[in-house]
Amino acid sequence: MELAIQVLVILAQIAAVLGVVLTHVAYLTYAERKILSDMQDRLGPMEVGPHGLLQPLADGLKLFFKEDIIPAGANKIIFSAAPILVLVPALIGFAVIPFGRDSLQLGAIEITPYITDINIGLLYILAFSSIGAYGILLGGWASNSKYALLGGLRSAAQVISYELPLGLALVGPVLLAGSLSLKTMTEAQGGGFWHWYVVSQPVAFVIYMICAIAETNRLPFDMPEAESELVAGFFTEYSGMRFSFFFLAEYANMILVSCVAVVAFLGGWQAPLPVLDFIPPVVWFLAKVYFLLFFYIWLRATVPRLRFDQLMAFGWKIMLPIALVNVLFTSIAKYIFS
Amino acid sequence: MVAQLLFFYFGGMAVAGAVVAIFNANLVYSALALLMTFIHIAGIYILLNAEFIAAVQIIVYAGAILVTYVFVLMLFNPEQEKRYFHKQYKIGGFLGAALLFLMLFAGFKTEILSQAGPMTAESIQEIGHTRAIGMALFTDFIFPFEIASLILLVAMFGAIVLAGRGKIRKRGPGGRVDLSSRNVTKEAS
């Protein structure tokens with residue numbers, strides 16, 4: 001009986017986190033369109049609901065009823081599996097993100113503000129995000145289209161190149177916190193914003209943010225789906241629900257890398273000043289994530305796309321050496337000061 | 001009981017994936033089967049309480065090495081050759097059998113003869129697996145660890161030299177040639 005309740009609680013937690021994440025994904029597309037249109041001095045979606053608030057719902061319904069086309073020359077099995085291979089790794093990472101501080105006590109049941117706290121949390125996220133590259137690569141290959149194939153290949157090159165500095169940038173906070181668990185990392189940054197790792201690790205934070213944008217294939221690093229040269233990149237041939245899976249995965253990944261940045265560098269749910277502790281931790285966490293997401297969209301409206309060789313050269317010749325030097329200095333500083 | 005069942009699942013799937021990877025004529029399917037093997041081996045590591053190695057297994061093998069393989073497969077799109085017996089299959093078979101024998105021999109030998117190390121499952125649980133592996137690598141096994149990284153470095157240099165060969169010859173000795181590539185031009189001419 002107790003076991004059944006435990007399993008039920010875990011399932012409810014997973015459902016709640018997935019529900020919140022997917023709602024955020026839906027409204028992130030709305031936020032992106034609204035912010036972009038505001039920056040470009042136009043209105044954006046206005047028709048469906050007040051100020052277009054129901055637009056994501058309408059989009060979802062529309063995609064759901066679209067015909068699902070599989071191109072004649074496509075490899076059917078891999079073509080159908082690829083969107084799932086992209087979406088699942090993007091969603092599964094949220095299992096280790098600590099959203100708040102306090103657990104909820106309901107009688108004997110304790111509801112934690114995270115699904116699980118494994119002691120290799122950060123590596124877990126990195127491992128699954130590297131699996132996501134297969135979906136893009138295979139989706140591009142299975143479509144049997146030159147645009148899709150080129151998009152997939154570019155994505156593979158980009159993800160391999162930027163995963164290295166991304167991981168190395170995260171080594172800094174890991175060294176300072178002495179743990180790979182995201183919960184421990186957040187707790188280590190308590191007591192005011194000057195304890196956040198963005199203060200002691202500014203170089204790592206900048207590297208992480210740049211690499212995170214490259215990892216999620218967002219502008220200015222959206223080579224895999226550069227519209228002006230590749231139509232829509234690796235999902236050119238996809239339609240209906242399968243197309244929306246790629247779309248969902250992209251926005252879920254945006255939220256995931258923002259969450260990781262908040263936990264690793266911006267103190268997670270910690271308040272910036274000890275005086276502000278009366279505001280619930282979840283609010284702080286969400287505020288920081290929203291700020292980073294806004295930053296993403298802001299960047300999209302501001303910066304033009306890079307050329308592919310510039311992107312690769314930037315990743316290998318600038319980001320990687322800086323990240324390595326940062327790890328070296330952090331280790332020495334940690335050794336001296338502790 | 002559950003752990004045993006999980007072990008047989010992970011082990012069986014890993015072996016099945018490896019078999020498919022070898023016998024499938026379609027190279028992309030082979031690579032995907034290999035991906036399945038890597039992920040299930042990571043599962044076995046988790047059963048052994050080695051979660052750090054499990055994550056690194058996926059990041060390095062599935063996330064870096066195999067992606068590069070798939071990348072190359074798609075870039076060159078090789079013809080799907082029919083299965084055939086290579087001319088040197090006798091030598092290959094002999095070497096394979098010898099290696100298998102050695103591995104089995106070593107495996108059974110260590111189980112009977114060697115003593116257990118200072119690490120127990122409890123002690124690893126106490127200090128954490130990541131810390132335990134770091135301590136072991138950078139104290140007791142620092143020499144083999146450095147040797148391994150040196151071998152990888154040599155392989156990396158080799159790859160760069162091989163890849164840069166054609167370019168350097170075209171540019172000739174008058175261009176911007178550093179020390180390592182000068183040897184290559186000499187060798188090539």
Side-chain angles (χ1 to χ4, degrees), chain A residues 75 77-79 81-82 85 89 92 96 116 118-144 146 148-164 166-167 170 174-175 177-181 184 215 234 331, chain B residues 2 20 24 26-43 45-46 49-78 80 124-135 138 156 160 163:
Chain A
N75 183 324
I77 306 167
I78 295 184
F79 187 84
L85 214 53
I92 215 166
V96 291
T116 175
I118 50 179
N119 52 14
I120 50 153
L122 209 56
L123 286 180
Y124 167 90
I125 293 178
L126 288 178
F128 275 105
S129 72
S130 66
I131 297 280
Y134 281 96
I136 297 177
L137 202 52
L138 290 170
W141 176 78
S143 305
N144 194 26
K146 56 187 172 221
L149 182 65
L150 277 175
L153 286 177
R154 279 187 179 185
S155 153
Q158 186 172 327
V159 168
I160 298 169
S161 310
Y162 278 84
E163 221 161 47
L164 280 162
L166 182 94
L170 286 173
V174 168
L175 280 172
S179 170
L180 286 162
S181 151
T184 320
E215 280 279 295
F234 57 89
S331 318
Chain B
V2 179
V20 172
N24 203 303
N26 188 328
L27 286 172
V28 174
Y29 286 156
S30 285
L32 286 183
L34 208 55
L35 174 65
M36 199 172 80
T37 301
F38 288 153
I39 291 175
H40 283 88
I41 288 176
Y45 286 141
I46 289 179
N49 284 327
E51 61 275 342
F52 177 77
I53 298 197
V56 170
Q57 156 90 11
I58 292 186
I59 292 172
V60 172
Y61 282 95
I65 294 176
L66 198 62
V67 165
T68 321
Y69 281 10
V70 176
F71 183 77
V72 172
L73 282 183
M74 287 175 184
L75 203 61
F76 296 112
N77 209 7
Q80 286 172 17
I124 290 176
Q125 197 100 52
E126 199 183 312
I127 60 173
H129 180 255
T130 316
R131 195 175 293 260
I133 217 168
M135 294 295 272
F138 287 104
M156 204 166 79
I160 292 171

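Note on naming: letters A, B, ... go to the chains in the order of the sequence lines (proteins, then strands), and numbering restarts at 1 for each one.
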According to side chain to side chain donor-acceptor pair (under 3.5 Å), who are the partners of A/Thr184, at least two apart in sequence or on a separate chain? A/Ser181

For A/Leu180, is it the side chain, the backbone, both, or neither that has a heavy atom closer than 4.5 Å to a heavy atom of chain B? side chain

The side chain to side chain contact (heavy atoms under 4.5 Å, CB included) partner of A/Ile120 among B/Thr130, B/Val56, B/Ile46 is B/Thr130

Shorter than 4.5 Å, heavy atoms on both sides: which option in B/Ala64, B/Ala54, B/Gly63 has the most such pairs with chain A? B/Gly63

Roughly how far, to the nearest 0.5 Å, is the CG atom of A/Leu123 from the CD atom of B/Gln57? 13.0 Å

A/Ile78 side chain near B/Tyr29 side chain, heavy-atom distance below 4.5 Å: yes

Looking only at heavy atoms, which of residues 30-41 of chain B get nearer than 4.5 Å to chain A? B/Leu32, B/Leu35, B/Ile39

Residue set satisfying side chain to side chain donor-acceptor pair (under 3.5 Å) with A/Ser179, at least two apart, ordered chain then number -> none

Could you tell me whether B/Tyr61 atom OH has more than 12 heavy atoms of other residues or ligands within 6.0 Å of it? no

By side-chain contact (heavy atoms from CB on, under 4.5 Å) - contacts of B/Ile53 (at least two apart): B/Tyr45, B/Ala50, B/His129, B/Ile133

Need one label for A/Leu137: side chain, backbone, both or neither, based on atoms under 4.5 Å from any heavy atom in chain B. both

Out of curiosity, B/Ile59 CD1 to A/Tyr124 OH, how far, rounded to the nearest 0.5 Å? 12.5 Å

Interchain contact, B/Val60 with chain A, by part (heavy-atom threshold 4.5 Å): neither

If you count every heavy atom of other residues, nucleotides or ligands that lies below 6.0 Å from B/Ile65 atom CD1, does the total exceed 12? yes

Interatomic distance, A/Leu126 atom CG to B/Ile58 atom CD1 [nearest 0.5 angstrom]: 11.5 Å

Looking at A/Ala127 and B/Ala55, what are the two nearest heavy atoms and their distance? CB-O, 4.1 Å

